[in-house]
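Each chain gets a letter, A, B and so on, in the order the sequences are listed, and its residues count up from 1. Any value given below was found using the heavy atoms of this structure, including those in side chains, with hydrogens, waters and symmetry copies removed.
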Amino acid sequence: MSTSPEQRLAEVALLRQQVAAATTAASEAFRDSARLVRLLEVIGEPAPPGLLVDRVLGVLSETFSADLTYLVRAVDGTVEVVGACGFGDSGSAAAPAVPGREALYGEGQPATWACPAGQEPPVVGGVPVVALLHVPLAEGDPGAGALVLTRSGGAAFTPGELHLLRSVASRLRSSLEDGQRRVAVERLARAGHRLTRHLHLQPLLEEAVGLLREVTDAGWAAAVLVEDGLASLAAQDRMPPQGVLTWPRRTEELTAWPAALRGDVHHDPDLAAGALPPALRLTARSLLCVPVLHEGVPVALLYAAHARPAAFSPAAVEAAALFAGYVGAALVNAHLYRALAGSETRLRVVTDAITDLVAVVDAGGTVTYASPSYARQVAHEPADLVGTDLAALVHPEDLGRFLAGLRAAPLASTCEHRLLDGQGRWVWVESGLGPAPGAAAGVVVSSRLVGERRRLEDELRQRATHDSLTGLANRDLARQVLESSLRAQRPGMVGLLFCDLDEFKSVNDRLGHEAGDDLLRQVARRLRACVRPEDLLARLGGDEFVIVLGGTTGLDAVTAVGDRVQEAMSAPFALGRERVRVGVSIGGVVGRRGPHGDHATDLLRDADAAMYEAKRGGRGRVEVFDGAAARRSVERLTLRSDLLSALERGQLEVHYQAIVDLTDGATTGFEALLRWHHPDLGPVSPVVFVPLAEETGAITEIGAWVLEQACTELAAWQRMPGGERLSVSVNVSPVQLEEPTFAERVLDVVARTGVSPREVWLEVTEGVAVTEHLLGQLHGLRRAGVRLALDDFGTSYSNLGYLKALPVERLKVDRSFVAGLGDESGAGHGVDVGIVRAVLAIADAAGLSVVAEGIETAAQQHALLELGCLVGQGFLFARPVPAGQARRTLADQLERRRERLTASPAASPGAVLAR
Amino acid sequence: MRKIRSGTGTSTLDDAAGAGEAAARAATACLEGEAPALVLVLASVRYDLPALLAGVRSVTGTAPLAGATTAGHFTGAELTEPGTGVAVLLLSGGAYRFGVGSASGMAERPAEVGAELTRAARAAAGAGEDQPHAALLLLTDGLGGDQQAVLTGVHRTAGATVPVVGGAAGDDRRMQATSVFHDDQVITGGAVGVWIASPRPLTVASAHGWTPISLPQMVTRSEGLLIHEIGGRPATAVYGEHADLSAGEQLRRADGRLWQASYALGVIEPDGSHLVRGVFPSADGGPLTSFTPLPPFSAVQVVTATPQSLLDVVDDVASRALVHGDEQVLLVFDCIARMDVLAGDHPEEVQRLQAAAGGATTFGFYTYGEFARTRGLGGVHNATLTAIAL
């Protein structure tokens, strides 16, 4: 069908309209997509929140031709302008009040508004608001923020524009949050860095509160320390004064405490009524509290507050929690640092204070560390030592051992060596070498000055080996020297001299111990002069000295030394004002060197024995040891101890020797003589064992026993017909006489055996000391009837005063004088005759009877008779025989006499002689 | 309101100082003895510019001076072709107060440049209560960088109530170096602004005269200056569907001279305007080449303009700028793209401008970009005519 030109024109016009509309629509669509691209581009670019908001508002202004663009936040009916574009740099931005739409901002809903025609548009910042667009970033949440755009003219905002912006709003919100988070992270990173600078709590907290406030964009911040249930304010940044007054408080009162105990953040976006005092509520509507944990326990609380409610974004809360962690780490760091500093200080105190020298050397012996004590102790600056060779300071003689110790590392070793000190002197040190800790093959050398210790050791050694009074060597050293001398491979023999001062005790008693010490010192000096330097002079203790001769030729040389000593000792000693003579008894011995030589012990014993012999032989003598003396010494000692038990073992026996009338040989009595039959040695001479018995005091028991035996025999003899007038003589030792009860015991025995005291003769020797006590005993015995005889008359230094003092009735002429009688050719014949004649004269003068001993020949008998001695004893007549044999012999004799008397009543004396 | 007095002068003398002095002297004569409150200098880059300014200031003294190099300028009905001379405008204050500020470093910190010069110019103007309104005349280095960023800096400082008008300096099409002037300084890589404090609101008018002839489409593939695809199809093909790729449609003017229609791409700006971008196709149907890079995912339309359409906007702009009718001077900023399209008929535009300005004297130049910020942050234009009347 055909259309008219008018219709066609109308169609064309319609089509044009449609095309125009479509083109417009397409154009708008493209324009919108261009806007979207610009917006998304700017939203997507990471930027700090402030800058992002600026850029977004700028893009909105540009792309929407909006005079004013805002990001606002509506809280509590007030509209806060977060960002604005179009106000220039002068005026403060205010959100436009929309007439009739006062609740617009508070609703949080997307909306547009156009000023009604004819109405005066509101003016903000000099710009009329003809159209307005409001798009919340989170619908229904005015606090989350909203975009507001205004136009002063032109077209109103279209629904399409609103829709466009709604679609980007949430993206903008995320971007803003991201930006906030990024900012918080950045601030946190910076903050963490600044926190770790602090090593002490208070400055740390003061910095922390400032940083927390920045990180969270808070109005104010505070740090509270928690201890023992009490929370006290430690630091604050811009805290309102009223806030300060509420501290300290108990932790239970804190609303944040339960969360803190769990390690959680406490976030209150809007403190309504509550724990805060009203004044504080003005400045703290948003409150954030994060705990600072130390080993899981809150030790501090960090507060951040803002006057505006919901001021802390999730990013800020997160940041605060992280920050609290940083503070906690900084606390631990500070604590550790202080502990480390403390231990380092203690270590430094120790290393500074130790007196040991500590050095660390590397594998090559080069010093890598030297302790401060090197400066103090040996005047070497540690700095100077580092890099030098430690072995260079070691004494050449000790270097070998030191280096061996170094090489032995990592095995530990010690080495005593000399070290050159900073003043060029050698000092003794004891160094411990051990492995140095760490990877390098170093050695720790820890040295201690031992000069003092060595000196003390030397002193102790000196004291241990020397006598403190005289300074001479002591017993131990003497023994050591003796032993080593015996072991030495040297020619010659070892000589040993024991020197014992005679009667030192009496000097000590008389003049006092100080004088005694002085004497010893003087003796030591004199003795020193007698010995060569290579010989050793020692004091064994008391008054005993010993000389060890390192190389001697024999006993003669030893004796010579002894003689020299005697010579040296002969001069008197000056003790105070006194002049004292002191003798010395010296025993010498010689020892052979070598593996088969003599032992020190033997030599010492032998020298001691020889010395004792010297003493026995008289004072001031030198005796050298020989084998016989050794044997005698041993035997003597053995005998001594055996003798003690000889009596109870029945080894003792009393023999009887007849004492006869020299004219007819008739027995007038017996002398009781003690005999000892040693089970091993056989018969032991009384000359040997009696002195031993006297030494040990056994003589008392033995003597009493002998007396008892003798009296018992006497009783038996007297019961024999013809034996009524027989007597018995018993030898009495001076030791026995010292017994206080001696006389008692004698009389007791006499009484018990029933013999008459007048037939009991006690023979005493001349050596007895005449004391009051002795005289008392003897006179008592005399009064009791017991007879006393003086034995061995003439043999020792006879004191004729004895005869007057002692109540003796008989003298016994010693055999030595009798021996010289009868042999006119004998050397001493004349003298002996004279002596016997003299003795007989004395006896006659004193009214004493005389008995001659040791008559062995008829000539002696004859001589004695001629001299007028009528009684005697000896082998000529009878030997000493055991009791039984004595009885039998006596019985025979008495029998024969009776027979003779009955056969021939008057027998001549010569007849006796012929028998 | 107390009117300002204006005086303009031009010179094409070769000697810079001489030319400056001569132009200034000529302008002074029109002021009838009043001291100038503002000196605007438009000059060709052919001159030794410091000497030129010295010559101008030898006459104008210490009066605040702003200016720019141009790609041709005009005053009244007189057109100074590119590369020839200098023009000087002297304004006495009247009811206005003027202040000049500048800043350099446009390439590195364009926003700071805009903010700084605005603060300086505002402070220099020293506006009081009598001048509650203001506008900013902005002259920037035409090759300097991000023009919008400078404008953003201005806006952030001045605010929405202060419209911005101006242009980017030219250099006689050499595309080498442009400069702006502040007092005796020749600033390259910077910008200068004149704060105009006024008792009554100031209006910035602008229009371009290009019309879209295609549906909007998206540039789907581009690389630097090359536009490969539009709407998924080869760009040249799309372009060729609308633009006559041959010499151009011949149009005949009323007086018989030939006009040519011109085509370009108009980038659809978010605020709905078109940013005219000249492009030329490659011979073999390859990509289009643009003079400046296009924003990514740009929406474009093929736009066209004829000399007539361009001339037609002159009256519109002039009438919109001369709000009150008693303005004495019309400051004009005209894009060289328009000169290109007018193809030698730009003297006619100048005539027409002055005719439209009526009693106000026109004073303006051909720019490498224009500023017209009235609403919102954006305000950088191409192929546009902008003006403000004082």
Side-chain angles (χ1 to χ4, degrees), chain A residues 19-20 22-42 51 54-70 83-91 93 123-131 149-155 158 161 164, chain B residues 111 114-116 118-119 122-123 127 132-134 136 148-149 151-164 201 203 211-219 230-231 266-275 294-301 303 372-380:
Chain A
V19 164
T23 309
T24 308
S27 194
E28 283 180 2
F30 274 101
R31 184 198 59 198
D32 283 347
S33 67
R35 281 173 173 169
L36 200 56
V37 167
R38 286 291 302 279
L39 276 170
L40 292 175
E41 195 180 20
V42 74
L51 186 59
D54 268 352
R55 284 185 188 157
V56 167
L57 294 180
V59 166
L60 287 174
S61 173
E62 198 183 326
T63 57
F64 285 82
S65 298
D67 295 282
L68 302 171
T69 56
Y70 304 80
C85 177
F87 287 89
D89 61 354
S90 50
V123 174
V124 177
V127 179
V129 175
V130 166
L149 282 65
T150 72
R151 284 182 182 147
S152 60
T158 64
E161 288 171 323
L164 182 77
Chain B
E116 262 179 52
T118 307
R119 277 196 294 270
R122 179 174 60 191
H133 302 274
L136 185 84
Q148 177 59 52
L151 191 57
T152 301
V154 170
H155 178 70
R156 287 208 189 288
T157 310
T161 55
V162 177
V164 178
T203 306
T211 51
I213 53 170
S214 78
L215 288 175
Q217 293 177 85
M218 191 165 277
V219 171
I230 295 175
V267 178
I268 303 174
E269 287 289 273
D271 64 356
S273 64
H274 287 91
L275 200 64
L294 263 57
F297 300 104
S298 303
V300 296
Q301 286 175 288
V303 294
R373 191 212 74 71
T374 52
R375 267 205 290 281
L377 199 71
V380 177

Revision key, fill the gap. Heavy-atom closest pair (B/P216 atom, A/T23 atom, distance to 0.1 Å) is CG-O, 4.3 Å

Practice item. Against chain B, work out which of A/L60, A/L57, A/L149, A/D54 has the most heavy-atom pairs shorter than 4.5 Å and name it. Key: A/D54

Check your understanding: How close do B/H155 and A/G86 get, heavy atom to heavy atom, and via which atoms?
Key -> NE2-CA, 3.6 Å

Review point. Just how far is it from atom OG1 of B/T152 to atom CZ of A/R55, taken to the nearest 0.5 Å?
Key: 11.5 Å

Check your understanding: Roughly how far, to the nearest 0.5 Å, is the OG1 atom of B/T374 from the CG atom of A/D67?
Key -> 8.0 Å

**Study point:** Interface moiety of B/T157 toward chain A, non-hydrogen atoms closer than 4.5 Å
**Key:** both

Exercise for review: Please report the C-alpha distance between A/D89 and B/R156 in whole Å, then the side-chain angles of each, then the deciding distance to 0.1 Å, and finally whether the side chain to side chain contact (heavy atoms under 4.5 Å, CB included) criterion is met.
Suggested key: CA-CA 6 Å; A/D89 61 354; B/R156 287 208 189 288; over 6 Å; no

Check your understanding: If we only count heavy atoms from C-beta on, is the A/E62 to B/L151 side-chain gap below 4.5 Å?
Key -> no

Check your understanding: By salt bridge (Lys or Arg N to Asp or Glu O under 4.0 Å), which residues pair with B/R375, not counting sequence neighbours?
Key -> none

Point to revise | By salt bridge (Lys or Arg N to Asp or Glu O under 4.0 Å) - contacts of A/E161 (at least two apart) | key: A/R35, A/R151

**Study point:** Closest contact, heavy atoms only, A/S61 versus B/L377
**Key:** OG-N, 2.7 Å

Check your understanding: Is it the backbone or the side chain of B/R119 that comes under 4.5 Å from a heavy atom of chain A, or both, or neither?
Key -> side chain

Point to revise | Interface moiety of A/S33 toward chain B, non-hydrogen atoms closer than 4.5 Å | key: side chain

Exercise for review: Considering only heavy atoms and a distance below 4.5 Å, find which of A/S152, A/A66, A/G125 pairs most often with chain B.
Suggested key: A/A66

Check your understanding: What option among A/A34, A/G58, A/A22 has the most heavy-atom pairs under 4.5 Å with chain B?
Key -> A/G58

